[in-house]
Each structure stands twice: as C-alpha cells, then as structure tokens.
Amino acid sequence: MRSMKYTYWVVAIIAAFVCVWYLWMSKGTPPGQPPLTSLTQDNLDHFKNDFNTAGDEARLVLLLSPT
C-alpha cells in the first residue's frame with residue numbers, strides 16, 4: 001500500500017514537470033509568426049521602428065515579469 005502511494009506521487013511529480021516544461025520552457029511560435037524575443041537596450045530601437053511601422057495592423061505588446 002505504501003509503495004503504491006509513492007508511485008502515485010512520483011507520477012504526479014513527473015506529470016507536473018512535463019506540464020511546466022511544455023507551458024513555460026517551449027518557445028515555439030505558430031507558423032508565420034516571428035520568434036519570441038527579449039527586449040534589450042540593443043534591440044529596442046529596432047522594435048520601436050517595427051511596431052510603429054505597422055500602423056494599419058493590430059499590435060500587441062505583452063510584458064511578463066516573474067515578480
């Protein structure tokens with residue numbers, strides 16, 4: 001009985017790690033969409049130019065912070 005309980009816990013922990021990896025670690029984007037990038041001081045001007053050039057299209061900026 002006790003070993004079965006540990007087996008369930010191990011399976012649950014492995015499933016949780018797989019879910020976290022799939023949701024947070026995979027950085028794939030849909031076909032036709034540019035890859036995800038992180039904004040830095042080096043590429044900020046390029047981002048501003050691309051964002052402002054696409055004035056007739058829907059635009060979205062999503063900022064995520066771990067805190």
Side-chain angles (χ1 to χ4, degrees):
M1 178 82 173
R2 194 169 215 185
S3 66
M4 187 64 98
K5 190 184 230 183
Y6 289 124
T7 303
Y8 286 131
W9 274 107
V10 169
V11 169
I13 290 170
I14 291 171
F17 278 120
V18 169
C19 288
V20 167
W21 175 83
Y22 179 75
L23 294 174
W24 297 104
M25 300 301 176
S26 65
K27 295 194 176 192
T29 57
Q33 178 179 329
L36 299 176
T37 59
S38 296
L39 288 178
T40 63
Q41 289 296 329
D42 297 334
N43 64 4
L44 188 59
D45 288 333
H46 180 61
F47 169 76
K48 286 180 186 178
N49 186 32
D50 288 346
F51 187 84
N52 292 330
T53 302
D56 59 339
E57 300 175 10
R59 299 170 288 179
L60 175 69
V61 175
L62 181 64
L63 301 174
L64 301 175
S65 175
T67 58

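On a predicted model such as this, the values are computed, not experimentally measured, just so you know.
- Take V10 and apply the side-chain contact (heavy atoms from CB on, under 4.5 Å) test, not counting sequence neighbours, and it matches I14.
- Scanning for side-chain contact (heavy atoms from CB on, under 4.5 Å) contacts around A15 gives an empty result, with sequence neighbours left out.
- By the 4.5 Å side-chain criterion applied to Ile, Leu, Val, Met, Phe, Trp and Tyr, F17 is assigned to a cluster that also includes I13.
- Here the OG-CZ distance, from S38 to F47, works out to 12.0 Å after rounding to the nearest 0.5 Å.
- For the side-chain hydrogen bond (donor to acceptor under 3.5 Å, both in side chains) test, no residue two or more places apart in sequence or in another chain qualifies with T7.
- Across L60 and F51, no two heavy atoms sit closer than the pair N-CE1, 4.4 Å.
- The distance from atom CZ of R59 to atom CG of D50, rounded to the nearest 0.5 Å, is 11.5 Å.
- Applying the side-chain contact (heavy atoms from CB on, under 4.5 Å) criterion to N43, with sequence neighbours excluded, gives L39, T40.
- Hydrophobic clustering, with ILVMFWY side chains joined whenever heavy atoms are under 4.5 angstrom apart, keeps V11 apart from V18.
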